[in-house]
Amino acid sequence: MPLRVHNTLSGEKELFIPLEPGKAGMYVCGVTVYDYCHIGHARANIVFDVIYRYLKYIGYEVTYVRNYTDIDDKIIRRANQEGVDYSTVSTRYIEAFDEDMALLGLEKPTFEPKATDHIGRIIEMVETLVAKGNAYESEGDVYFSVDSFPEYLKLSGRNLQEMQAGARVEVGEKKRNDMDFALWKNSKPGEPWWESPWGRGRPGWHIECSAMSMEFLGKSFDLHGGGKDLVFPHHENEIAQSEAANGCRFVRYWLHNGFVNINSEKMSKSLGNFFTIRDVLEKYDPETLRFFILSAHYRSPLDFSDRNLDEAETGLERIYSCLAAINHILSSDEESSPDEDLQLFISGPELLGKLDGVISRFHEAMDDDFNTALALAVLFDTVRCANRLIGESKFLTRKTKDLLSRIPQIFSEIGSVLGVPVSDPSDWLEKLKTKKAANLDISSEEIEKLIEERKEARSEKNFTRSDEIRDTLLKRGVRLLDSADGTTWQPSDI
RNA sequence: GGCGGCGUAGCCAAGUGGUAAGGCAGAGGUCUGCAAAACCUUUAUUCAGCGGUUCAAAUCCGCUCGCCGCCUCCA
């Protein structure tokens with residue numbers, strides 16, 4: 001099945017046909033670097049990371065550009081508050097962003113341009129727009145004239161007249177039309193500036209993305225992504241600038257991810273209801289966060305809560321437990337006899353059939369507008385079937401092992417696209433245990449001592465005492481696990 | 001007010017015309033001295049409500065109710 005993507009421009013899923021066969025150009029609006037990133041940023045970046053990886057996985061040569069907007073009102077305001085240069089602020093948060101993305105396991109885009117490295121391009125573009133009559137200078141500012149671009153608002157499906165009638169649009173005497181937006185801003189005293197034909201100034205908000213995408217991907221390219229909240233005005237304005245300046249279609253497919261919500265409300269800086277990526281990674285593994293984000297379709301809202309993260313953790317643990325069990329079986333040197341080797345237990349054929357279909361089911365899911373939730377379900381389906389085979393096999397034949405050995409390979413292939421699961425199973429499980437154990441108020445020596453005492457009690461059939469020890473430990477957050485090999489323990493809230 | 005989206009089991013979540021994926025929790029079972037853990041099995045005659053189109057609808061159309069987003073910086 002060919003790839004289909006939901007295009008905001010048409011509001012429908014469309015067949016993905018790139019400009020050049022075999023190649024894909026993709027631009028994603030990065031962050032304005034004035035603060036630490038929150039989970040909403042994590043979602044956007046993880047979603048487009050997966051899209052980038054999937055495009056490569058199905059054979060496209062992808063050029064992926066994700067910018068840093070490193071000059072903007074909020075950066076300047078922050079710098080003024082701290083009494084430092086704007087670049088001190090932007091540099092700090094660019095580094096923080098890079099660290100966060102690395103922790104989340106994101107692949108590096110092909111290019112990560114900064115707006116301030118492309119001021120020349122931006123000025124050229126503004127000059128073109130002025131020359132073509134789509135923009136005008138006014139007291140050192142340059143504005144885009146929305147009346148000069150008849151298709152304005154085609155992405156968000158709004159109506160210009162109605163928006164102008166809206167009471168919330170501020171009247172600016174410098175503008176010819178209230179809806180006109182700044183391409184270039186005259187810099188006030190104390191603000192950073194660059195020389196331009198209109199005097200010293202700095203770029204407006206939207207123009208940097210138009211200039212940088214054109215620089216790296218050309219006047220027209222395949223995919224442009226970002227959060228839903230960028231549809232208007234940011235992407236609408238990008239379209240107006242780019243198409244007016246270049247006289248051709250700007251972007252073929254517009255992709256927008258849904259928000260992360262807190263109690264069904266959008267997480268945002270202005271509402272103050274946000275968690276930074278750093279906050280969350282203190283409590284949860286990056287793969288858990290990724291798994292959580294991918295468990296919903298990228299366009300749907302996603303409710304963020306400890307409970308939902310815990311559920312994601314439990315789900316991922318199920319996958320890793322299965323993989324660990326398989327690894328354990330494959331590494332054991334237990335041998336069966338030659339005629340037993342050909343046997344496969346009842347679930348064998350079922351698992352065989354499943355395994356043959358896993359990759360194509362994964363493709364189907366992802367080809368349908370990157371349905372990662374469905375893709376994850378394919379993994380669970382395989383896990384259940386594998387567990388059943390392991391459970392009912394009285395002894396492990398060569399044939400069983402061969403069959404099971406395909407699972408880690410398949411999961412690793414899928415993991416290379418989704419970014420989960422990508423860890424060594426026992427390492428990941430061990431890490432989870434360690435994390436939980438850190439909250440206990442009892443030392444492992446103490447626990448081991450009690451386990452030893454309980455072992456003696458049990459050998460004497462003193463079950464009253466042994467159960468007492470077990471209960472005591474459980475109250476302190478330690479769960480005992482009896483097995484044929486002896487007793488081990490784990491934190492009880494796993 | 002304008003535009004857009006959503007409403008699927010206790011919870012999370014796929015499915016957008018052919019008779020409800022998957023996960024978590026719950027229940028039953030295997031195992032166990034008893035447990036726990038693990039694993040297996042199982043859990044929606046029904047998709048917010050009401051009408052309509054159709055041989056057939058959670059899926060299409062209309063209306064109603066509820067929630068959310070954008071319209072101002074925002075992933």
Side-chain angles (χ1 to χ4, degrees), chain A residues 8 11 13 28-32 34-35 37-48 72-74 77 153 156-159 161-163 165-170 205 225-234 236 256-261 263-271 274 291-292 295-297 299-303 305 307-308 310-316 318-319 321-322 325 347 361 365 368 371-381 383-384 386-392 458 461-464 466-467 470-471 473-474 479-484 487-490 492 494:
Chain A
T8 307
K13 283 184 198 168
V28 172
C29 289
V31 284
T32 299
Y34 72 101
D35 204 348
C37 287
H38 58 61
I39 301 305
H41 299 106
R43 183 181 195 190
N45 284 287
I46 285 173
V47 159
F48 288 106
D72 150 280
D73 291 352
K74 279 178 298 212
R77 194 188 315 140
L153 303 180
S156 53
R158 291 162 203 276
N159 178 296
Q161 277 69 41
E162 281 171 6
M163 288 197 69
R168 299 176 78 174
V169 179
E170 270 182 42
W205 174 32
K228 266 193 165 72
D229 46 1
L230 295 182
V231 173
F232 183 89
H234 187 54
E236 204 69 76
H256 292 99
N257 65 276
F259 301 128
V260 175
N261 292 159
N263 295 129
S264 304
E265 275 193 329
K266 179 186 173 183
M267 178 187 292
S268 77
K269 291 269 172 73
S270 34
L271 288 173
F274 64 93
F291 182 91
F292 166 67
S295 68
H297 186 92
R299 283 189 283 116
S300 310
L302 181 63
D303 220 58
S305 68
R307 180 181 169 170
N308 290 346
D310 286 340
E311 256 185 33
E313 190 173 77
T314 309
L316 188 53
R318 179 174 164 84
I319 290 175
S321 298
C322 175
S347 303
R361 286 172 69 200
D368 186 13
N371 193 336
T372 52
L374 192 55
L376 291 176
V378 175
L379 295 185
F380 281 111
D381 216 25
V383 164
R384 181 163 23 80
N387 280 336
R388 195 187 308 156
L389 180 66
I390 294 169
E392 74 187 20
R458 289 181 79 203
K461 300 255 190 284
N462 182 357
F463 295 122
T464 314
S466 78
D467 289 354
R470 188 173 63 198
D471 293 346
L473 281 171
L474 191 59
R479 176 155 49 214
L480 296 186
L481 308 170
D482 291 331
S483 79
T487 301
T488 55
W489 63 275
Q490 63 178 208
S492 63
I494 268 187

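Residue numbers start from 1 in every chain, and the chains themselves are labelled A, B, ... in the order their sequence lines are given, proteins ahead of strands.
Nucleotide B:rU46 is matched to nothing when pairs are restricted to Watson-Crick or G-U wobble geometry with both distances under 3.5 angstrom. Here B:rU59 sits opposite no nucleotide as a Watson-Crick or G-U wobble pair (both hydrogen-bonding atom distances under 3.5 Å). Using the Watson-Crick or G-U wobble rule with both distances under 3.5 Å, B:rC3 pairs with B:rG69. In this structure B:rG10 sits in a base pair with B:rC24, meeting the Watson-Crick or G-U test at under 3.5 Å. As the counterpart of B:rU30, B:rA38 is assigned, both hydrogen-bonding distances of the Watson-Crick or G-U wobble pattern falling under 3.5 Å. Across all strands shown, nothing is found opposite B:rG17 as a Watson-Crick or G-U wobble partner with both distances under 3.5 Å.
Interatomic distance, CG of A:Leu230 versus OG of A:Ser156, reported as 12.0 Å (0.5 Å rounding).
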Where protein sits on nucleotides 5-13 of chain B, one letter per nucleotide: B base, S sugar-phosphate only, - none, heavy atoms under 4.0 Å: -----BB-S

Reading nucleotides 30-37 of chain B from the 5' end, what letters show protein touch, with B for base, S for backbone sugar-phosphate only, - for no heavy atom under 4.0 Å? ---BBBBS

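As a whole-Å value, the separation of A:Asp381 CG from B:rC40 P is 12 Å. The interatomic distance linking A:Asn387 (CG) with B:rU41 (C1') rounds to 13 Å, in whole Å. Between A:Ile390 atom CD1 and B:rA38 atom P the separation is 15 Å, expressed in whole Å. Look at CG on A:Leu374: it is 13 Å from P on B:rG23, rounded to the nearest Å. Counting to the nearest Å, the C1' atom of B:rC71 and the CD atom of A:Glu236 are 12 Å from each other. In this structure, A:Phe232 atom CZ and B:rC70 atom P are separated by 13 Å, rounded to whole Å. Nucleotide B:rC67 holds its P atom 19 Å from the CZ atom of A:Phe259, rounded to whole Å.
The ring pair (Phe, Tyr, Trp, His ring centres under 6.0 Å) search around A:His38 returns A:His41, A:Phe274, not counting sequence neighbours.
For A:Met267, the side-chain atoms get nearest to B:rA75 when compared with the rest of B:rG22, B:rA25, B:rA75. Distance from the side chain of A:Leu230 is smallest for B:rA75 among the nucleotides B:rC39, B:rA75, B:rA25. Each of B:rG69, B:rA14, B:rG23 was ranked by its minimum atom distance to the side chain of A:Lys266; first place goes to B:rG69.
Base contact: A:Gly40 has a heavy atom under 4.0 Å from a base atom. Within 4.0 Å (heavy atoms only), A:Gly225 reaches no atom of the nucleic acid at all. Among the atoms of the strands shown, none is found under 4.0 Å from any heavy atom of A:Arg43. Counting any heavy atom pair closer than 4.0 Å across all strands shown, A:Asn257 reaches a base atom. A:Thr488 comes within 4.0 angstrom of no nucleic acid atom, judged by non-hydrogen atoms across all strands. As judged by a 4.0 angstrom heavy-atom cut-off over every strand, A:Val260 is placed among the base-contacting residues. As judged by a 4.0 angstrom heavy-atom cut-off over every strand, A:Ser268 is placed among the base-contacting residues.
Across B:rU46 and B:rA20, the matching P atoms stand 12 Å from one another, rounded to whole Å. Comparing the P positions of B:rA36 and B:rG26 gives a spacing of 11 Å, expressed to the nearest Å. B:rG23 and B:rA75 have their C1' atoms separated by 26 Å, with the value rounded to a whole Å. When the P atom is compared between B:rG52 and B:rG15, the two are found 29 Å apart, to the nearest whole Å. Taking the P atoms as reference points, B:rC47 lies 10 Å from B:rA9, given to the whole Å. Remark: the separation of the P atoms in B:rU19 and B:rG4 is 32 Å, to the nearest Å. Spacing between B:rC3 and B:rC11 at atom P, rounded to whole Å, works out to 33 Å.
Note on A:Arg307 versus A:Asp310: no salt bridge recorded, every NZ/NE/NH1/NH2 to OD/OE distance being 4.0 Å or above.
Residue A:Arg318 places at least one side-chain N or O closer than 4.0 Å to OP1 or OP2 of B:rG23.
Between A:Lys269 and A:Cys322, the residue whose closest nucleotide on RNA chain B is further toward the 5' end is A:Cys322. Projected onto RNA chain B by closest heavy-atom contact, A:Arg361 and A:Asn261 fall at different nucleotides, the more 5' of which corresponds to A:Arg361.
The cationic atom of A:Arg318 (NZ for Lys, CZ for Arg) does not lie both less than 6.0 Å from the six-membered ring centre of A:Phe380 and within 45° of the ring axis.
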